Amino acid sequence: LCPTLFGMEFADVTAETYPLGTRLYYECDDGYERRSGQYAGIWCQRIDQVAAWVYREFECIDKKILLSTGPTMKLDFTQKPERKTQSPAPQKQENMSEFDQKDFCGPPKTIPHASLRLNKHYYLGQVLHFKCQSGYDKRPPTSGMRTCKKVNGQITWTPLTMRCTNDS
C-alpha cells in the first residue's frame, strides 16, 4: 500500500487507471439511495490474464419510489478492457513501462444517479491527477500528477508542484 495521501485544498483529484487490488465504492447522489442488500464496492482483479473490475449488482433508486418493486438493473460482473476502442489521452505516462498495462483497470462503469468515491488506500503504480477547482487557479501550474512508486526501497508519492489558491 502507498502512504496515506490527503486531499489538496481547492483541487479535484481524478485517476484514469487503477492498479490490481484497488477497491472503489459508489455513492448514491442526493435524493437517491442504494437498493437494500446491494454492495457498493468494486474491485480491480486479474481475470483471464487481464485486469478488470469485478462488479456486483448495484442500483441507486429515487427515495420517492424506494418502496417500488420494479426490476433491478443487471450489471455485467466484469469490465472488459476498453483500451482498444478508446484513443489514449495525450498525457505523459511517467515511467509506465515499469508497470505492465495488464496490471491496471481502466475507468469504472458509470451507474445512473451514483458517483465514485476515490479511495484513501492506493497501490504501487497509482497515478493521480490534480486540477485546481474553478476560481482557484490564480498561479500556474494549475494541474499536476502524483505517482506512487518505490524509490530506494521506500514506497512514496512523487512531489506535486502545483498550487491552488483563492488569493485575490
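Predicted model, so just to flag it, every value in this text is computed and none were measured. We number each residue from 1, following the sequence as shown. Every heavy atom of this structure was used, including side-chain atoms; hydrogens, water molecules and symmetry mates were not.
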Given side chain to side chain contact (heavy atoms under 4.5 Å, CB included), test C164 with Q133 step by step and report yes or no.
CA-CA 8 Å; C164 303; Q133 293 168 350; over 6 Å; no
Spacing of I111 atom CD1 and I42 atom CD1 [to the nearest 0.5 Å]
7.5 Å
Can you see which heavy atom on A114 is nearest to which on F58, and at what distance?
CB-CE2, 4.4 Å
Take C105 and T22, measure what side chain to side chain contact (heavy atoms under 4.5 Å, CB included) needs, and give me the verdict at the end.
CA-CA 9 Å; C105 288; T22 300; over 6 Å; no
Under 6.0 Å between ring centres: does that hold for W43 and Y55?
no
Distance-only, no hydrogens or angles: does the Q45 side chain make a donor-acceptor pair with backbone N or O of A52 under 3.5 Å?
no
Do the ring planes of W53 and Y18 sit parallel (below 30°), tilted (30 to 60°) or perpendicular (above 60°)?
perpendicular
Side chain to side chain contact (heavy atoms under 4.5 Å, CB included) for I155 and Y123? Distances and angles first, verdict last.
CA-CA 10 Å; I155 297 177; Y123 290 81; over 6 Å; no
Would you compute the distance between atom CD of E16 and atom CE of M145 and round it to the nearest 0.5 angstrom?
9.0 Å
In Å, rounded to the nearest 0.5 Å, how long is the span from SG of C148 to CG of L124?
5.0 Å
Tightest non-hydrogen contact, residues R35 and I61, listed as NH2-CG2, 3.7 Å
Is there a chain of hydrophobic side chains (I, L, V, M, F, W, Y, each step under 4.5 Å between heavy atoms) that links L20 to V54?
no
Please answer whether the main-chain N or O of K64 pairs with a side-chain N or O of D62 as donor and acceptor at a distance below 3.5 Å.
yes
Any side-chain to backbone donor/acceptor pair from Y32 onto P112? Under 3.5 Å, distance only.
no
Can you tell me how far apart CZ (R56) and OH (Y26) are? Round to the nearest 0.5 Å.
13.5 Å
Checking Q126 side chain against T17 main chain: does a donor-acceptor pair fall under 3.5 Å?
yes
Heavy-atom nearest pair, H121 first then L1, reads CB-CD2, 4.1 Å
Between atom SG of C28 and atom CD of Q38, what is the distance when rounded to the nearest 0.5 Å?
9.0 Å
Report the relative orientation of the aromatic rings in Y25 and Y39; use parallel for angles under 30°, tilted for 30 to 60°, perpendicular for over 60°.
perpendicular
Step-by-step side chain to side chain contact (heavy atoms under 4.5 Å, CB included) determination, S143 to F130
CA-CA 5 Å; S143 63; F130 293 78; over 6 Å; no
Please tell me if the side chains of K102 and R46 come closer than 4.5 Å, counting only heavy atoms from C-beta onward.
yes
Side chains of L24 and P108: does their closest heavy-atom pair fall under 4.5 Å?
yes
Please answer whether the main-chain N or O of L128 pairs with a side-chain N or O of R146 as donor and acceptor at a distance below 3.5 Å.
no
Are D103 and P19 packed together at the side-chain level, in the sense that at least one heavy-atom pair is separated by less than 4.5 angstrom?
no
Count I, L, V, M, F, W, Y as connected when their side-chain heavy atoms are under 4.5 Å apart, and connections chain through other members. Are W157 and V13 then in the same cluster?
yes
A side-chain contact here means heavy atoms from C-beta on lying under 4.5 Å apart; do K149 and T158 qualify?
yes
